[in-house]
Asks: 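Below is a structure I'd like to ask you about.
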Amino acid sequence: MTEHADHDHEHHLPPKSSVKRWLVTTNHKDIGVLYIITSLFFLVAGGILAMMIRAQLWTPGGTLLGGQGYNQAVTSHGLLMVFWFISPFAFGLANYLVPLQIGADDLAFPRLNAMSYWVYLFSGLLFLTSFFLGSSLAGGWTIYQPLNVPAFIPEVNQVGSLATIFALMLFVAAVTMGSVNFLTTFYRMRAEGLRVRDMPLFSVSILLTVWMMLFAFAALLAAVILLSFDHLLGSVWFSTAEGGSLLWAHLFWFFGHPEVYIVFFPALGVMAEVFQTFSGKRIVGRKWFVIAMALVAIQSFVVWMHHMFLTAINLPIKTIFMATTIGISLPFDLMVFALIYTLAKGKIRFKTPFLFSFGALLLFILGGITGVFLGAVVLDYQFRGTYWVVAHFHYVMFGGGTALIGGLYYWYPKMTGKMYDEFLGKVHFAMFFVGFNLLYFPMFVVWETPRRVFDYAAEFTMWHRLATVGAFLFAASFLVMIYNMFKSLHSGEEAPDNPWEYASAGEWAVPSPPPLENYPGVPSYAGGKLSFLTRSEAADGGTVVEQEVAGTEQTAPDGGAIAHAGAAATTPTTDYAEELALEDEHADHASIWPFAISASAFVTFLGLSGISKAYFIWPFVFATGFMVAYFGIEGGRREGFGWIHPVVMALGGAIAAGGAYLLAIDKGGLGAAIDGASVYFWLTTVGAFMGAATLTQLGFEEFNVPEPAIAEQWPFEAVSNVKLGMWMFLGSDVILFGAFIGSYIFMRVGHGWTDWHHDFIPEAHVVLPGLINTYLLLASSFAVVLALVAARQQNRRRLLGYLITTFLLGVGFLINKAVEWEHLFHLHEGAFADGWTFTTNIASSSFYITTGLHGAHVAVGLLITLYLIVRAYNGAYLGEEEADTIEHFGLYWHFVDIVWLFLFPLFYIL
Amino acid sequence: MASTRLYTVIFVTLMAFSTAQALFEFTGILDRAYWFALGVIMVLSTIKATLVAGYFQHLVHEPRSITYLIAGALVGVLALTAGAAYSIL
Amino acid sequence: MGPGGISTEIAYVLGQTGGLSRTPADVFNTVYLVFLILGTLVGVVVIGYTLTKAWRYRDDGERDDESESDKVVRPVLGHLPTGSGGGKKLFVSFGISAVIVLSLIVWTYSALLFVDDTPPEVAAEGEEPLEIEVVGKQFNWEYTYPNGHTEEPTLYIPEDRPIRLKVTAADVWHNYGISEFRVKTDAIPGQTTTAWFVADETGTYEAVCYELCGSGHSAMRGDVVVMEQEEFEEWYANTTDGSTSASVNSDVTGDTDANANTNAADPAATEGEA
Ligand code: HEM
Ligand SMILES: [Cu+2]
Ligand SMILES: [Cu+2]
């Protein structure tokens, strides 16, 4: 059935053999494949580091890497595996399969999906680059503070360290884009009749995973942003003795504990899926399994302090977190038992995917039991910082990884259209499982070895050698896998639609590999089973008619592929071709801009890693000027010139020129400024300009993504995809800003809430500028509301007027802020004779960074406003539906406003 | 869709509340009754935020599930703040 | 200690054996043992059961398909999931595991209270704890005794007397631990944590840093010398004498705080802070 794919209605997509295809594709299946390959690449990178670690541990106090080198290897290994390998690997599978499982033809925002892939890739490349910039970060994957602020990092290693931090930041950006995208897809694009709880368990697990990702990663983002400012501008968040270390620990573990489930849940989903297929049974207690998973997802946000039992936290809070920790282990018991009981009365076939999933279950049982040890606080006290923890989390995390590898074998035929080699698969499993236990079990035995230390008691040597041997066996097993995958791609047997007896999820009802548009028609579960409606039926509202399902008898010997409704599907008849042609006009599948934007981000952040504080802001000032001018140019070129275009171009020019003027004053002449600029300044500038251009191009690009005509959308029926996406994004932004504000509160409580003002804040820091800015922002919000009303009423002149008003008010906000900051920077007041700057104290750091990040949100909002103005000039956004764009922008703008409503009292009054 | 009139009333309220917040400082109430003033000021901010979210972002007209989404995020981050701050008391 | 002694061990840790003094090391070792035994047991049972089931229900092509599928509804491609029974068994096993886990944790909670507290019972016997301040710094430990004497990097302590540590750090986050005595606590700049232990045998042990703290982390170890009580008293008296210089035993010159030295006296009498 591969004719569909070849028969070229691939919508301007070059064929898979061309490199260009992979740069421009926005199709979820292509991107899934890219994710998988890239994550395996990072597995190899992290794996090489692991081999170096194990090699050094061959004898106590080995010298292979040296002290700093060893720390670097341990740190990078952890970061690469946890962030760049395991989750992206799972999301490669999710990208490919979730739309197929829920009956969507793609993710809700295909370009965003491509972008999140490319940002992920480039974040990893930035990470690898950091090795060549002195050193990557070497302070542990948990990045405890203050070890990882510049004061404790040797000068030569600072650029690389910051590059690593930026890599993490970019990675989080990618994750957030992905989460928003998946959530919107799950809630808006399920096939008719498919309730959330009825989705295949892999999809259920991914849904819960992305929920956790949306919130947890926002906390990490907050932590990493603050850390990057400690590097970039010398703020003192994490070097403040009163609480800086603990602040990091709280932020990190608030993210970190959900992260362990983020890693594990997709594996659980794969296990559930594979167990059901290969035992030929539905999972036992499915409902409870799903409820247990959902409980864990929620509880995961209230256990973080079990990583901090040995810090100075008080006994009551320890007790609470001990209780929540034990509480969270219970739902896991239930899930494990559900999986085990599913085997009973099964018809179990020990194929490679099952072997891996089954192995994963065994490993997880061990990891879980040792986790209960850690939950007993008296034991945890002693296990903390030892190989017990190392062994425990490898059993659980890589136990999860084991299941994911099973998933790769399971879906390999679907993705490639070829069967893998079963014998080699089993060889892989044998080596893998033996190697795994040889590698990690000895760590329990010699758990008294301190973690991240390459020296250990001489009597432990034998066990560590055993582990090293296991490590090499384990690593070698992956070579077998990679060979198998390559070989099978060329010479594997052709895979049928469904090679697995008893598989039940939707992806097996379509060809292997599936055609670009996934389904021959519009999938529907309204009759309790999968059927396909023609597009015109779907357009009519698509209640299922019995005849649709009539053709779907399960008789095929290979486990029963679904016969497609009517004749339409089996052969591309003219009807079907027409249907596809119909779709042709609507859906786009190619855009180069996600790639280009991500590449720009790479260059920008590479530059920022080494840029000096004195030059930090200027690339962005110039790039902003350029971007504004470019709006004018592109807007006029594409939609016709009018008076607005030269005005906007001039505005852009003025911003750039003004920037240059200020820079020249600051550095004593433009020549001196240029002479003083490092290569990093130029890199940042080039990157920022590229970013400005490519983002503008993306903004103007025509890219159609039709929303499904019929879909199950509980509980978000009444909102559009874009609006829901916007809200999801704002949800994560609530955590981001909440974490900034929470950090401020934490540090202030740590210092003594009421002493803070007296000890840290100059007299000159007064209420008035804040009050004025509150007025300005509130007024601008009001203007946006009126703009929306005008757009709905199709009044172009008023729309333009209100947008311009918004813009001017926002600019007023920023200018007022700049004046205020300028004044505070250059104070000569009593205790603050050298001014009150980023570096002065924790109060100044928190004030500038928090309100500054808010200001950056305002600035971004203003750029969008300008873009809207340019488009609105030529008549865009007028009408009920067209006005939605204004509404979505408003959601963002009002959110920024709301944040300020809290910043104002906290930073100006109290 | 609410009327422009309603929007205007809300806007005026927001401006008034902001002024009131600043007045706590200007009149010296903040110095005399700090914790009381803190309470009132934060309550005012919360009301303002609710008004903006409810009407400018018209959460009141959206499916309740969107409110839950945002409320969930808010609860999470409040748990973080409260838990962290309490742990060092 | 064999499993036979386990019940007395448990009673011991629960504090029901009257006058016996417990140490954190005893507590840890007992709890650990109990967990190890139960954990192994549960692990063996669960994994054994799983393997048996998996083998028993393997598809060897011999079992009669028809009669089986009468009882079991096999999944069908494209069908929405239906329940799959077995719920009762699920809840029973879940209940059992929950009871085991919960009772274990409740039990260890009393142990936690004991370890987190100041050493109470022992103090009652007249053995006043010795309080020592520990400062972690890249890449060494510095100890300050009640009399103000400082030692670095070796810790000298008496045997059989509770030692109470107040731990902090001068630069970055470290973690102070002596594996032998099952004592460990974070050393965090700006924070002070406490922990206590009893060394019940003389000899030389090792204090290790358990939190990555920089390039010298792996080598951040210091000796812990446990002396007999009289020997220690003697050594300690010496340190108070030489008020300006570091102790003769000190490998690295510790700054002896002159002020603190003035109120130095018999260590047993300087207690009271705890
Ligand atoms: C039975 C449930 C579990 C319990 C009770 C548990 C408990 C704990 C505790 C208390 C710690 C802190 C150890 C310490 O540093 O002192 C810990 C560490 C860890 N756990 Fe678990 N855990 C469980 C399951 C999991 C799962 C499912 C995963 C991942 C898939 C996981 C991954 C980790 C990781 C990565 C760490 C180490 C973090 C680090 O310090 O780098 N755990 N676990
Ligand atoms: Cu955790
Ligand atoms: Cu250390």
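Numbers restart at 1 for each chain; the letters A, B, ... are given by sequence-line order, proteins then strands.
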Asks: Looking at C:Asp116, C:Ile47, C:Val101, C:Leu113, which one has more heavy-atom pairs under 4.5 Å with chain A than the rest?
Replies: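 Maximum pair count with chain A is reached by C:Asp116.
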Asks: If I compare all heavy atoms of C:His79 with all of A:Lys529, which pair ends up nearest, and what's the gap?
Replies: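 Reported closest heavy-atom pair: NE2-CD, 3.1 Å.
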Asks: Under 4.5 Å from any heavy atom of chain A, what part of C:Glu206 do you find: side chain, backbone, both or neither?
Replies: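 Looking at C:Glu206, nothing touches chain A.
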Asks: Only pairs of heavy atoms separated by less than 4.5 Å count here; which of A:Glu448, A:Gln72, A:Glu507 has the most with chain C?
Replies: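 Maximum pair count with chain C is reached by A:Glu448.
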Asks: Donor-acceptor pair, distance only, cut-off 3.5 Å: does the side chain of A:Arg282 make one with the backbone of C:Pro75?
Replies: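 Such a contact is absent between A:Arg282 side chain and C:Pro75 backbone.
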Asks: Under 3.5 Å, side chain of C:Gln191 to main-chain N/O of A:Ala312, donor-acceptor pair present?
Replies: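 No: the side chain of C:Gln191 does not pair with the backbone of A:Ala312.
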Asks: Looking at chain A, which one of C:Val167, C:Val42, C:Val106, C:Val172 has the largest number of heavy-atom pairs inside 4.5 Å, strictly under?
Replies: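 The candidate making the most pairs under 4.5 Å is C:Val172.
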Asks: Give, as side chain, backbone, both or neither, the part of C:Leu212 having an atom under 4.5 angstrom from any heavy atom of chain A.
Replies: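 Backbone plus side chain of C:Leu212, per the 4.5 Å heavy-atom cut-off to chain A.
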Asks: Looking only at non-hydrogen atoms, find the nearest pair between A:Leu362 and C:Leu51 and report the distance.
Replies: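 For A:Leu362 and C:Leu51, the tightest heavy-atom pair comes out as CD1-CD2, 4.1 Å.
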Asks: Which bit of C:Thr193 is near chain A, if near means a heavy-atom gap under 4.5 Å: side chain, backbone, both or neither?
Replies: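 Answer is side chain: those atoms of C:Thr193 sit under 4.5 Å from chain A.
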Asks: Between A:Phe278, A:Phe350, A:Tyr456, who has the most heavy-atom pairs with chain C when the cutoff is under 4.5 Å?
Replies: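 Top count of heavy-atom pairs under 4.5 Å with chain C: A:Phe350.
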Asks: Report the relative orientation of the aromatic rings in C:Tyr32 and A:Trp388; use parallel for angles under 30°, tilted for 30 to 60°, perpendicular for over 60°.
Replies: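 Perpendicular.
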Asks: Establish, yes or no, whether the cationic atom of C:Lys184 lies under 6.0 Å from the six-membered ring centre of A:Tyr381 and within 45° of the ring axis.
Replies: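 Checked: cation-pi criterion not met.
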Asks: What part of C:Thr192 gets within 4.5 angstrom of chain A, counting heavy atoms only: side chain, backbone, both, or neither?
Replies: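 Contact with chain A: backbone only.
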Asks: List the steps and the verdict of ring-ring contact (aromatic ring centres under 6.0 Å, His included) for A:Phe337 and C:Phe94.
Replies: CA-CA 7 Å; A:Phe337 285 122; C:Phe94 169 68; 8.0 Å; no
Asks: Salt bridge check: are A:Glu501 and C:Arg74 linked by an N-O gap of less than 4.0 Å?
Replies: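 Salt bridge flag = no for C:Arg74 with A:Glu501.
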Asks: Apply the side chain to side chain contact (heavy atoms under 4.5 Å, CB included) test between C:Leu112 and each candidate in A:Val377, A:Leu379, A:Asp380; give the one that qualifies.
Replies: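 Between C:Leu112 and the candidates, side chain to side chain contact (heavy atoms under 4.5 Å, CB included) is satisfied uniquely by A:Val377.
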Asks: Between CG of C:Leu90 and CE of A:Met335, what distance do you get to the nearest 0.5 Å?
Replies: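 Result: 11.0 Å between the selected atoms.
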Asks: Out of C:Pro24, C:Gly190, C:Gly43, which one racks up the most heavy-atom pairs below 4.5 Å with chain A?
Replies: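 Maximum pair count with chain A is reached by C:Gly190.
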